[in-house]
Amino acid sequence: MEVEIWDVDTQSMHSLVFKRWGSSRSYVFMANWIKDFVKRRSLKSGHEVAFHWNPYANRFHFSVLKAATEEDFSN
């Protein structure tokens, strides 16, 4: 199912596909994840991000909680 994602930090709206991954019974965001979030926000290993459902806006909210540090790359 296509869902709206509000990037709280940049105040911008994006659409991703929210899908249940059958083999692991988990949920994943697909489609434009790499372009709209990883590349646009320059996300790297070690970044901490959060998603939460906002029932009043009827959409997910996204935010970067913690940027990657040099220490993240040395481990």
Side-chain angles (χ1 to χ4, degrees):
M1 115 184 307
E2 188 170 323
V3 295
E4 290 184 333
I5 310 286
W6 177 250
D7 187 327
V8 175
D9 304 324
T10 64
Q11 301 287 291
S12 57
M13 185 70 73
H14 304 272
S15 293
L16 295 177
V17 173
F18 189 54
K19 180 178 178 177
R20 183 169 183 219
W21 208 258
S23 60
S24 64
R25 296 182 167 254
S26 59
Y27 292 87
V28 296
F29 289 108
M30 301 176 67
N32 295 321
W33 168 249
I34 299 294
K35 177 179 70 82
D36 285 356
F37 289 92
V38 177
K39 289 182 179 177
R40 183 180 63 85
R41 296 297 307 273
S42 300
L43 298 178
K44 306 274 187 252
S45 177
H47 273 91
E48 291 182 20
V49 301
F51 285 93
H52 76 271
W53 178 252
N54 181 327
Y56 302 105
N58 203 33
R59 65 185 180 209
F60 284 97
H61 284 197
F62 169 88
S63 184
V64 175
L65 300 178
K66 176 181 164 271
T69 63
E70 292 294 323
E71 185 177 299
D72 293 325
F73 298 109
S74 64
N75 294 331

Could you go step by step and tell me if Val64 and Arg41 meet the side-chain contact (heavy atoms from CB on, under 4.5 Å) rule?
CA-CA 9 Å; Val64 175; Arg41 296 297 307 273; 3.4 Å; yes
I'd like to check Arg25 versus Arg20 (side-chain heavy atoms, cut-off strictly below 4.5 Å). Are they in contact?
yes
Any His61 side-chain heavy atom under 4.5 Å of Ser63 side chain:
no
Are Asn54 and Trp6 close enough, and set up right, to give a side-chain contact (heavy atoms from CB on, under 4.5 Å), and what steps lead you there?
CA-CA 10 Å; Asn54 181 327; Trp6 177 250; over 6 Å; no
Which value, rounded to the nearest 0.5 Å, describes the distance between [X] atom [atom1] and [Y] atom [atom2]?
| X | Y | atom1 | atom2 | result |
| --- | --- | --- | --- | --- |
| Asn32 | Lys39 | CG | NZ | 11.0 Å |
| His14 | Glu4 | NE2 | CD | 11.0 Å |
| Tyr27 | Lys19 | OH | NZ | 12.5 Å |

Please report the shortest heavy-atom distance between Asp36 and Ser15, naming the atom on each side.
OD2-O, 4.2 Å
Specify the closest pair of heavy atoms between Ser12 and Arg40, including all atoms of both residues, with the distance to one decimal.
OG-NH1, 3.6 Å
Parallel, tilted or perpendicular: ring planes of Trp33 versus Phe51, cut at 30 and 60 degrees:
tilted
Does one hydrophobic cluster hold both Leu65 and Phe62, with members joined at side-chain heavy-atom distances below 4.5 Å?
no
Among all residues two or more places apart in sequence or in another chain, which pass the side chain to side chain contact (heavy atoms under 4.5 Å, CB included) test with Trp21?
Ser23, Ser24, Ser26, Val28, Met30
Under the side-chain contact (heavy atoms from CB on, under 4.5 Å) rule, what do Arg59 and Val3 come out as? Steps first, then yes or no, please.
CA-CA 7 Å; Arg59 65 185 180 209; Val3 295; over 6 Å; no
With Val49, the side chain to side chain contact (heavy atoms under 4.5 Å, CB included) member among Leu43, Asp9, Val38:
Leu43
Please check if the distance between the ring centroids of Phe29 and Phe37 is under 6.0 Å.
no
